[in-house]
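For reference, the structure is listed below as structure tokens.
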2 protein chains.
Amino acid sequence: MNDDKPAPARPRAPRKDTKQELLQAAARVILRDGVPGLTLDAVATEAGLSKGGLIYHYATKDALIGAMLDQLVDVTDSQVAAYRASDDTPGSWVRGYLKACMLAERDESGTQSRLEMAILAACLNEPALLRRLHKHMREWAAASANDGIDPELAHVVRLAADGLWMNDVFGLPVLEPEERARVLRKLEALTRLGGSAPE
Amino acid sequence: MNDDKPAPARPRAPRKDTKQELLQAAARVILRDGVPGLTLDAVATEAGLSKGGLIYHYATKDALIGAMLDQLVDVTDSQVAAYRASDDTPGSWVRGYLKACMLAERDESGTQSRLEMAILAACLNEPALLRRLHKHMREWAAASANDGIDPELAHVVRLAADGLWMNDVFGLPVLEPEERARVLRKLEALTRLGGSAPE
DNA sequence: AAAACTATACCGGCCAGTCGGTATAGTCAA
DNA sequence: TTGACTATACCGACTGGCCGGTATAGTTTT
């Protein structure tokens, strides 16, 4: 009846990019139900698939979480790179990182940062994932230390960004929005402080 | 052969502080096996008693985790207070907090900080616990903002301490020990910077 | 003997991962 | 063009283990 075979949009048809859709579904689930709520069934349902369908694309739960982690790292790195394209003065890496971490504000109600932390929390369980995460953090630490400004100050700013972003994650915000904004401005200012320092 | 009890060769003496022992056992388990490894059976075994015995003291798992959280907060607060007893200049709260967070170094291989993060991770699962944690964080945020120094700078230092402490948690250290020490010194210096600042 | 404390057995729910099956599309040969 | 065959995508019932919690029967100590 309604079936025109060559037409792309049908109920029962291979999805264009199911894996990406699954990743987003997983993000939605983890934000709504927390880390323990991230079950294969939940993700599958959220994505409009069955568990079998999910498993077809990601053989194990860890594979799914690992893919989320990879994407998170990629996004962060590319955001930093994008920022640096328009700022190559000393401290630009840290400022880019700061911006990347705080992109949350663009989303509705800090969705992004909560997601990031949730992914990290999910990684905590699996040593293999944790190792991958750790590797990336070391790279980030190295990048901030090599940013052309006082390395310790760079670390401080980066760590504070991590801390702020972590705080965001615990449900409601710890800092008031205005105070948070002031802190961010202060952090940014710090990256310009040691920049063209003497010596 | 003095005492060949095949079963738990336990001290028949009335354990007066079993609850405390259980808390410590839970800490050991969580450090060794991670958050998902924190099962009632595991804690009981680690503490040298049965699950029934554990349940007798902590009726539910959440009660156990809650007790761990309370103890963590108490310890932190009392360490801050102890520090301030010998330093009541502006910025003392933040410096005390810094010290409390970094007590890890006194332990063998950052045990303390990893434990703290693990407890937080365990709390992530239960909304009720998360709320309690959140309350404490707000108190800490308020305390740092009221420390007699530039509030934003105080937040920055406190957040960086959180970030550093979080980094420690991911298994191996992200920063080299010397670099870490330099960062700490920088943080401490920052708390004295805005202290008696103009205005 | 009662209270305090501990051990053992068990239940029920949850959840990752399995497996046999179905539907659709593409290929190729007769 | 049609039937045989294969690959891809997906479904959903099922299983097997794990784990929180319960029930109950000891064993000490006071």
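In what follows, chains are A, B, ... by sequence order, proteins preceding strands, each numbered from 1. Side-chain atoms are counted along with the backbone in the values below, which use heavy atoms only and exclude waters and symmetry mates.
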Between [X] ([atom1]) and [N] ([atom2]), how many Å, whole number?
X	N	atom1	atom2	value
A:Leu64	C:dC15	CG	P	15 Å
A:Ile55	D:dC14	CD1	P	19 Å
B:Leu22	C:dC5	CG	P	12 Å
A:Leu40	C:dC15	CG	C1'	8 Å
A:Asp41	D:dC14	CG	C1'	12 Å
A:Lys61	C:dC14	NZ	P	15 Å
B:Tyr58	C:dT6	OH	P	13 Å
A:Leu49	C:dT22	CG	P	19 Å

Check: Which part of the nucleic acid does B:Leu38 contact within heavy-atom distance under 4.0 Å: base, sugar-phosphate only, or nothing?
Finding: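 Result for B:Leu38 = sugar-phosphate.
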
Note to self: What's the closest nucleotide to the side chain of A:Thr39 if the choices are C:dT6, D:dG12, C:dC15?
What the structure shows: C:dC15

Item checked: Candidates D:dG21, C:dC5, D:dC11 - which lies nearest the side chain of B:Tyr56 ->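 My answer, after comparing the listed nucleotides, is C:dC5.
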
Notebook entry, point to check: Backbone N or O of A:Pro151 within a donor-acceptor pair of the B:Lys186 side chain at under 3.5 Å?
Noted result: no

Margin query: Strictly distance-based, threshold 3.5 Å: is any side-chain N or O of A:Arg84 a donor or acceptor partner for the main-chain N or O of A:Arg95?
Written below: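 Such a contact is absent between A:Arg84 side chain and A:Arg95 backbone.
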
Check: Checking only heavy atoms, does the side chain of B:Lys51 share a donor-acceptor pair with the base of D:dG20 at less than 3.5 Å?
Finding: yes

Notebook entry, point to check: Closest nucleotide of DNA chain C for A:Gly52 versus for B:Gly53: which of these residues is on the 5' side?
Noted result: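 On the 5' side of the pair lies B:Gly53.
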
Acceptor/donor pairs from residues 68-75 of chain A side chains to any protein atom, 3.5 angstrom cut, sequence neighbours excluded:
{"unit_1": "A:Asp70", "atom_1": "OD1", "unit_2": "A:Arg132", "atom_2": "NH2", "d": "2.9"}
{"unit_1": "A:Asp70", "atom_1": "OD2", "unit_2": "A:Arg132", "atom_2": "NH2", "d": "2.9"}
{"unit_1": "A:Gln71", "atom_1": "OE1", "unit_2": "A:Gln20", "atom_2": "NE2", "d": "2.7"}

Notebook entry, point to check: If you look only at pairs with a residue in residues 38-52 of chain B, which of them pass as a salt bridge (Lys or Arg N to Asp or Glu O under 4.0 Å), with sequence neighbours excluded?
Noted result: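 Qualifying pairs, neighbours excluded: B:Arg28-B:Glu46, B:Arg32-B:Glu46, B:Asp41-B:Lys51.
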
Notebook entry, point to check: Is the phosphate of D:dC10, meaning OP1 or OP2, less than 4.0 Å from a side-chain N or O of A:His57?
Noted result: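 Checking D:dC10 against A:His57, a side-chain N or O does come within under 4.0 Å of OP1 or OP2.
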
Next item on the list: Check whether any side-chain N or O of A:Thr18 sits under 4.0 Å from OP1 or OP2 of D:dC10, and answer yes or no.
Entry: yes

Next item on the list: Between A:Ser50 and B:Ala59, name the one whose nearest nucleotide on DNA chain D is closer to the 5' end.
Entry: A:Ser50

Check: Looking only at side chains, do B:His155 and B:Arg158 share a donor and an acceptor under 3.5 Å apart?
Finding: yes

